[in-house]
Amino acid sequence: RSLCAKIVVVNTPPGAPTLSGPVTGTTGAIQTFAVRASDPEGHQIQYGIDWDNDSVADEWMPALPSGTTGNPTHVWATPGSVTLRAVAMDSGGLVSPWSNPWTITISGPISGICGAAQGWPTTPPPTIGLCTSGNPTAVTPGNASSPHSWSCLGSSGGADVACSAPYQEPLPIVDFKINGSDGPVTI
């Protein structure tokens with residue numbers, strides 16, 4: 001007697017990966033994400049990343065053991081809100097469903113811009129209207145030979161800018177009497 005057996009090897013696709021990462025970033029900076037999935041048979045998994053939400057994996061990572069987190073990175077050149085997704089493929093070529101979408105908002109550099117106080121003659125150092133954009137530094141008080149000065153600092157790679165307002169000599173105060181009154185009079 002002989003015994004014949006048919007062995008069927010079943011391969012099922014990995015589960016949908018989980019995707020996480022930063023929700024904000026800046027242009028030109030590396031953004032790192034985490035993607036993880038498991039394969040029911042324990043096959044190695046490759047993660048595909050759809051960086052532009054068009055349902056096509058734009059980049060495939062090298063194979064990793066099932067359940068291992070992959071850390072894909074990406075750099076965006078332009079600001080905006082971007083939605084990405086991930087998919088997992090086992091060593092048998094079966095592909096998981098897509099992950100839930102992940103959205104990151106990329107901001108561009110912010111350059112400092114002098115505000116309304118720029119160029120406005122004043123005796124005391126200005127305290128308002130220093131910067132339209134960026135963060136103001138402390139104002140260096142001016143005098144008869146130099147203006148009040150400060151900077152508007154850029155962020156995320158944006159440029160800093162130097163600002164100034166002319167120092168205005170205070171008006172003279174003259175003390176004199178009119179019909180017997182006594183007190184300062186501003187001229």
Side-chain angles (χ1 to χ4, degrees), residues 4-118 128-138 150-163:
C4 214
K6 183 178 180 181
I7 299 175
V8 178
V9 177
V10 177
N11 184 21
T12 54
T18 57
L19 176 64
S20 62
V23 294
T24 60
T26 56
T27 56
I30 296 172
Q31 305 301 319
T32 302
F33 298 87
V35 59
R36 183 177 182 275
S38 294
D39 183 75
E41 294 80 38
H43 296 143
Q44 285 203 327
I45 293 177
Q46 283 186 280
Y47 298 117
I49 310 299
D50 175 10
W51 294 114
D52 54 10
N53 199 28
D54 64 356
S55 299
V56 174
D58 301 305
E59 176 182 345
W60 285 95
M61 297 180 64
L64 295 169
S66 175
T68 302
T69 299
N71 295 110
T73 61
H74 197 71
V75 175
W76 281 273
T78 56
S81 183
V82 181
T83 299
L84 53 135
R85 298 185 304 157
V87 67
M89 180 173 62
D90 70 13
S91 57
L94 293 181
V95 178
S96 73
W98 286 99
S99 69
N100 287 330
W102 188 267
T103 300
I104 179 170
T105 301
I106 304 297
S107 61
I110 297 172
S111 292
I113 299 173
C114 297
Q118 167 76 9
I128 60 171
L130 299 175
C131 300
T132 300
S133 177
N135 297 313
T137 61
W150 66 96
S151 292
C152 295
L153 304 178
S155 61
S156 302
D160 299 340
V161 65
C163 309

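Note: hydrogens, waters and symmetry copies are ignored here, and every other heavy atom, side chains too, is used.
- Ile49 contributes atom CD1, which lies 8.5 Å from atom CH2 of Trp60 (distance to the nearest 0.5 angstrom).
- Listed here is the closest heavy atom pair of Ala88 and Pro17: N-CG, 4.0 Å.
- Between Asp58 atom CG and Asp52 atom CG the span is 4.5 Å, to the nearest 0.5 Å.
- Asp50 contributes no side-chain N or O that, together with a main-chain N or O of Ala57, makes up a donor-acceptor pair within less than 3.5 Å.
- Without hydrogens or angle criteria, Asn71 side chain to Phe33 main chain gives a donor-acceptor distance under 3.5 Å.
- The side chain to side chain donor-acceptor pair (under 3.5 Å) pairs that include a residue from residues 29-39 are Asp39-His43, where partners are two or more places apart or lie in different chains.
- For the pair Leu64 and Gly70, the tightest heavy-atom approach, listed with the atom from each and the gap, is CD1-CA, 3.8 Å.
- Atom-to-atom distance recorded for Asn53:CG and Leu84:CG is 8.0 Å, nearest 0.5 angstrom.
- With sequence neighbours left out, Ala159 forms a side-chain contact (heavy atoms from CB on, under 4.5 Å) with Ser111.
- Counting only residues at least two apart or in different chains, side chain to side chain donor-acceptor pair (under 3.5 Å) contacts with residues 12-22 comprise Thr12-Glu41.
- Evaluation of the side-chain contact (heavy atoms from CB on, under 4.5 Å) rule for Thr27 yields Pro79, Ile106, Pro109 as partners, not counting sequence neighbours.
- Listed here is the closest heavy atom pair of Gly67 and Ile45: N-CD1, 4.4 Å.
- Residue pairs that meet the side chain to side chain donor-acceptor pair (under 3.5 Å) test with at least one member in residues 86-102, sequence neighbours left out, are Asn11-Asp90.
- Without hydrogens or angle criteria, Tyr47 side chain to Ala37 main chain gives a donor-acceptor distance under 3.5 Å.
- Identified under the disulfide bond (SG atoms under 2.5 Å apart) test for residues 49-106, with sequence neighbours left out: none.
- Here the OG-CD1 distance, from Ser155 to Ile110, works out to 4.0 Å after rounding to the nearest 0.5 Å.
- Every side-chain contact (heavy atoms from CB on, under 4.5 Å) that Val95 has, sequence neighbours left out, goes to Val87, Met89.
- With values rounded to the nearest 0.5 angstrom, Asp160 atom CG is found 9.5 Å from Asn135 atom CG.
- Residues meeting the side-chain hydrogen bond (donor to acceptor under 3.5 Å, both in side chains) test with His74, sequence neighbours left out: none.
- For Pro101, the side-chain contact (heavy atoms from CB on, under 4.5 Å) test picks out Thr83, Arg85, with sequence neighbours left out.
- Under the side-chain hydrogen bond (donor to acceptor under 3.5 Å, both in side chains) criterion, Thr68 pairs with no residue, sequence neighbours left out.
- By the side-chain hydrogen bond (donor to acceptor under 3.5 Å, both in side chains) test, Gln44 pairs with no residue at all, sequence neighbours left out.
- Nearest heavy atoms, Ser81 versus Thr105: OG-OG1, 4.0 Å.
- Residue pairs meeting the disulfide bond (SG atoms under 2.5 Å apart) criterion with at least one member in residues 26-117, sequence neighbours excluded, are Cys114-Cys163.
- Contact record, Thr73 with Trp51: O-CZ2, 3.5 Å, taken as the closest heavy-atom pair.
- Closest heavy-atom contact between Met61 and Val35: SD-CG1, 4.3 Å.
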